[in-house]
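Residue numbers start at 1 and run along the sequence shown.
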Amino acid sequence: MEFGTLDGILGCVVVGLGCTLMPICVLNNSQYRDERLTEKIAVHLAYVPIVMDWHRDTLPLNALDTSMESVLDRVRRITP
């Protein structure tokens, strides 16, 4: 999905509708800090600190793992 605001994206993550890549500073200031899990993206792959973010009660899903690996593969290919 695509949204016009960061709050809209985080709102979907909080209710378990997906995951997102987002700057850590946005997540640290979110009212939903305690309802999410994050996975740091390696510093050499991002210009600003980025994390993969999803609702803490989301069951383990192959689709989430595949999405995360796909994003990381793409970032690796475009990062000098």
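By the criterion of side-chain heavy atoms lying less than 4.5 angstrom apart, applied directly or through intervening Ile, Leu, Val, Met, Phe, Trp or Tyr residues, Leu27 is not grouped with Val13; the two fall into different hydrophobic clusters.
The side-chain heavy atoms of Asn28 and Cys25, taken from C-beta on, include no pair separated by under 4.5 Å.
To the nearest 0.5 angstrom, Asn29 atom CG is 10.0 Å from Ile24 atom CD1. Considering OG of Ser30 and CG of Leu6, their distance stands at 10.0 Å, rounded to 0.5 Å.
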How far apart are the C-alpha atoms of Met22 and Leu10, what are their side-chain angles, what is the distance that settles it, and do they pass the side-chain contact (heavy atoms from CB on, under 4.5 Å) test?
-> CA-CA 9 Å; Met22 194 167 289; Leu10 287 176; 3.8 Å; yes
